[in-house]
Amino acid sequence: MGQGQKGSSDKEGKKKKKRDESPAPEDGHKCRVCRFPLLVALLQLLLGVAVTVVAFLMLAISPSLMARETPHWAGFILCLVSILGFILYCITYLPDEKTSMQFIGKLLYFVLCTIGLVISVLVIAFAGHHYSQTSSFSCEQMGEDCVCKLDQNDPIARTFTYEGVTDCEVITGTLTLYFLLQIILNVLQALVCGVGAFIMWKHRYQVFFAGLQIGSPSSQQWQKV
């Protein structure tokens, strides 16, 4: 009788010890935003829509504006990235990428966030250049077009013709404001894309590239950190 109780108590002690040595389960609710960047995807969607709307407002001023001056394409790309982020949020989380869909989705999201960061930097460069130009323009009305120069006294200065503009004040005022808005929106967009790429790398791929194993000589149980 005493041996039976002793054996059962030994088994319970071993089970308890095994539970104590096993790694603590991760809190899914605590790090859910890190694993599936819902907040990042939502910000990307809002900023992408805002960039697209401002770009089309700029295009409505004059149809002669070039694609680099109206970066609606950057907004479209960020909207696609945000949709992929929402898809990742809907995929059931499994540790160590046990499903190919999850692995491919996270890899694509990381790559697209990096591409979005590069595109946002390019848009900032273009918008900053055009903002400095339009803020220094001297414009005059010629029929239904607005002809602008950086220096009216220079006879060989480059001229910029904006078709369909009946008021040159729109070029030196409203269009300049839109370029400034594009700079601000794309700076925020670049930051959000950088945060999204960093989250994916740190919480998933850092384990893959810089994972260490800590083992206990007595229990021979290994744990990834």
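If you chain together hydrophobic residues whose side chains sit under 4.5 Å apart, Val111 and Ile77 fall into the same group. Cluster annotation: Ile184 is connected to Ile119 through the hydrophobic network of ILVMFWY side chains, with a link wherever side-chain heavy atoms come within less than 4.5 Å. Hydrophobic clustering (side-chain heavy atoms under 4.5 Å, transitive across Ile, Leu, Val, Met, Phe, Trp, Tyr) groups Val187 together with Ile115. Cluster annotation: Val121 is not connected to Leu185 through the hydrophobic network of ILVMFWY side chains, with a link wherever side-chain heavy atoms come within less than 4.5 Å.
Leu47 places a side-chain heavy atom less than 4.5 Å from the side chain of Val192. Met58 places a side-chain heavy atom less than 4.5 Å from the side chain of Gln182.
Summarising the geometry of Arg68 relative to Phe126, their closest heavy-atom pair is O-CB, 3.8 Å, with the distance given to 0.1 Å. Residue Phe179 comes nearest to Glu69 through the heavy atom pair CE2-O, 3.6 Å, listed as atom of the first residue, atom of the second, then distance. The two residues Gly48 and Cys79 have their closest heavy-atom pair at C-SG, 3.9 Å. Across every non-hydrogen atom of Tyr109 and Leu84, the tightest pair is N-CD2, 3.4 Å. Residues Thr52 and Gly75 approach most closely at OG1-CA, 3.3 Å, considering heavy atoms. When all heavy atoms of Cys148 and Ile171 are compared, the closest pair comes out as SG-CG2, 4.1 Å.
Considering SG of Cys139 and CG of Asp167, their distance stands at 10.0 Å, rounded to 0.5 Å. Of the inter-residue distances, the one linking Leu78 atom CG with Leu117 atom CG reads 10.0 Å to the nearest 0.5 angstrom. The OG1 atom of Thr176 sits 11.0 Å away from atom CG of Leu181, with the distance rounded to the nearest 0.5 Å.
No donor-acceptor pair under 3.5 Å is formed between the side chain of Ser62 and the backbone N or O of Val165. Remark: side-chain polar atoms of Gln44 are not paired, donor with acceptor, to backbone N or O of Leu46 under 3.5 angstrom. Listed for the Glu169 side chain is no donor-acceptor partner under 3.5 Å among the backbone atoms of Gly173.
As summarised for Cys193 and Cys113, their two SG atoms remain at a distance no smaller than 2.5 angstrom, missing the threshold. The SG atoms of Cys168 and Cys146 sit under 2.5 Å apart.
Using the six-membered ring where Trp is involved, Phe137 and Phe160 have ring planes that are tilted, between 30° and 60° apart. Ring pair Phe76/Phe56 is tilted by interplanar angle, where 30° to 60° counts as tilted.
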